[in-house]
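Notes follow once the structure below has been shown.
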Amino acid sequence: MSNSRIAITPFAPNRLVRSRVAQTALTMIPPGDIDLARDEQPMLFDAGHDHTGIDPTQPVRLLGYYNRHRRPGASRGLVLVLHGWEGCSHSKTNLRLGQRLVDEGYDILRLNLRDHGPGIDLDPYGLNKGLFLGTLLEEVATVTHHIAALASDRPFYITGASMGGNFALRLARWHSERSPFHNLKKVVAICPALHPGRATDALDAHPATRRYYRQRWLRSLRAKQSAFPEVYQFAALEQVTTCRGMTEWLVESHRWKAAEFATVDDYFRAYSVLGDDLANLTVRATIITAADDPVVPVVDFYALAPHPLIDIQIHPTGGHCGFIDAPPLRFHMPEMILAELTRE
């Protein structure tokens, strides 16, 4: 059965690093031996109409970083890599994955979603006047068409982790139901946030994850306000102590301009991937997650409707986007993704 729920070969790290806290925390360790910067090419994409309604006269612009493969011979294909919430093209997880992919013969494009980016070549918050929304799939799909064209006659793949995994699965649905991406062969989602509302509640439930994400989000919102002080005033938001509460404030008070959701749960549902949402899928997709993920509840994966093109691997441990063993320190997630790119 392709839509299996238990990993055939469960990830089983040393018990010293087996806890979900260790698995999640170890992802923060800076990667060594990464030299993607020496030949990465920044690419600014026109992402089409701004669906936030803040500035309909200006097209959305998204920044990505392209690297060619480094293995002798022809490219094995182009991989679009999508980061998690408050991550970016240069986050530790993406650097590790990107390095492994180019070394194994793949070209890569690490795309930054709106209001996300490393701040190396330009200010990501000043690129677009409208605020980031998890529902803004149209602009990501527009850019994905441009990126897929770069693959030419080579295979094209999409992979993402956490929120990036959510976007990856919704792009698979976009490909199947609305507008196919050129030569898309497979989508691989790691610990995707299928139900953003439950994921937000889960991260709020743990003081460490709540503090981490809230501080990073506030930093981003301050930068957005600094870029467009005539549009955004977030002083009152500084007093809200949870990520759900912050989201609710933005939905009900700020209204995100044109994107007016009646409640915060309406907003979360608008970009969830639940039940039979992937029923019309026409491209192969693999979902890899961990039962002990402290951010993404495993119950949502069991609730996905079976589909012959979807393979779901639920490992007993791995934390949130971890899959790390030690000693010595070994990051297995890039290997898991590589295995899926080559598996029919």
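Keep in mind it's a predicted model, so treat the numbers as computed, not measured.
Between E248 and R244 there is no salt bridge, since none of the side-chain N atoms of the basic residue sits less than 4.0 Å from a carboxylate O of the acidic one.
Side-chain N/O atoms of D293 and H320 include a donor and acceptor closer than 3.5 Å. For the residue pair N67 / D39, a side-chain donor-acceptor distance below 3.5 Å is found, with atom types taken as modelled. If you check the side chains of Y65 and N112, you find no donor sitting under 3.5 Å from an acceptor. In this structure, a donor-acceptor pair under 3.5 Å is present between the side chains of R154 and S75. A donor and an acceptor atom, one from each side chain of H83 and S89, are nowhere located under 3.5 Å apart. In summary, the side chains of S176 and N280 do not present any donor paired with an acceptor at a separation below 3.5 Å, with no hydrogens or angles considered. Residues S220 and E86 bring a donor and an acceptor atom of their side chains to less than 3.5 Å of each other. A donor-acceptor pair shorter than 3.5 Å can be found between the side chains of T52 and D50.
Under a 3.5 Å cut-off, the side chain of K224 and the backbone N or O of G130 do form a donor-acceptor pair. Listed for the N94 side chain is a donor-acceptor partner under 3.5 Å among the backbone atoms of C88. In terms of modelled atom types and a separation under 3.5 Å, the side chain of Q233 and the main chain of P229 share a donor-acceptor contact. In this structure, T27 contributes its side chain and T24 its backbone to a donor-acceptor pair below 3.5 Å. Side-chain N or O atoms of R214 include none that pairs as donor or acceptor with a backbone N or O of R211 at under 3.5 Å. Under the 3.5 Å distance criterion, the side-chain polar atoms of S226 are left unmatched by any main-chain donor or acceptor of R222. Panel note: side chain E139, backbone V60; no donor-acceptor pair is recorded below 3.5 Å.
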Derivation and outcome, side chain to side chain contact (heavy atoms under 4.5 Å, CB included), residues Y106 and L78: CA-CA 6 Å; Y106 292 93; L78 174 62; over 6 Å; no
Audit row: Q58, H49, side chain to side chain donor-acceptor pair (under 3.5 Å) steps and yes/no: CA-CA 7 Å; Q58 295 297 319; H49 176 71; over 6 Å; no
L36 vs V102, side chain to side chain contact (heavy atoms under 4.5 Å, CB included): CA-CA, chis, key distance, verdict: CA-CA 9 Å; L36 290 177; V102 297; 3.8 Å; yes
Chi angles and distances behind the side chain to side chain contact (heavy atoms under 4.5 Å, CB included) call for C243, W85: CA-CA 12 Å; C243 291; W85 182 45; 4.3 Å; yes
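A cation-pi arrangement is found for R96 relative to F331, the charged atom lying closer than 6.0 Å to the ring centre and inside a 45° cone about the ring normal.
Not counting sequence neighbours, the partners of A326 by the side chain to side chain contact (heavy atoms under 4.5 Å, CB included) test are V17, L329. For the ring pair (Phe, Tyr, Trp, His ring centres under 6.0 Å) test, no residue two or more places apart in sequence or in another chain qualifies with H182.
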Donor-acceptor pairs are to be reported for all side-chain atoms of residues 163-171 against protein atoms at under 3.5 Å, with residues two or more places apart or in another chain.
residue: N166; atom: OD1; partner: R170; partner atom: NE; Å: 2.7
residue: N166; atom: OD1; partner: R170; partner atom: NH2; Å: 3.0
residue: N166; atom: ND2; partner: A193; partner atom: O; Å: 2.9
residue: N166; atom: ND2; partner: Y271; partner atom: O; Å: 2.8
residue: R170; atom: NH1; partner: G134; partner atom: O; Å: 3.4
residue: R170; atom: NH2; partner: G134; partner atom: O; Å: 2.7

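Taking CH2 from W217 and CG from D115, the interatomic distance works out to 11.5 Å, rounded to the nearest 0.5 Å.
Note on ring orientation: taking the six-membered ring where Trp is involved, the planes of F156 and F181 are perpendicular (angle over 60°, cut-offs 30° and 60°).
Checked against the 6.0 Å centroid criterion, the rings of H315 and F323 qualify as a close aromatic pair.
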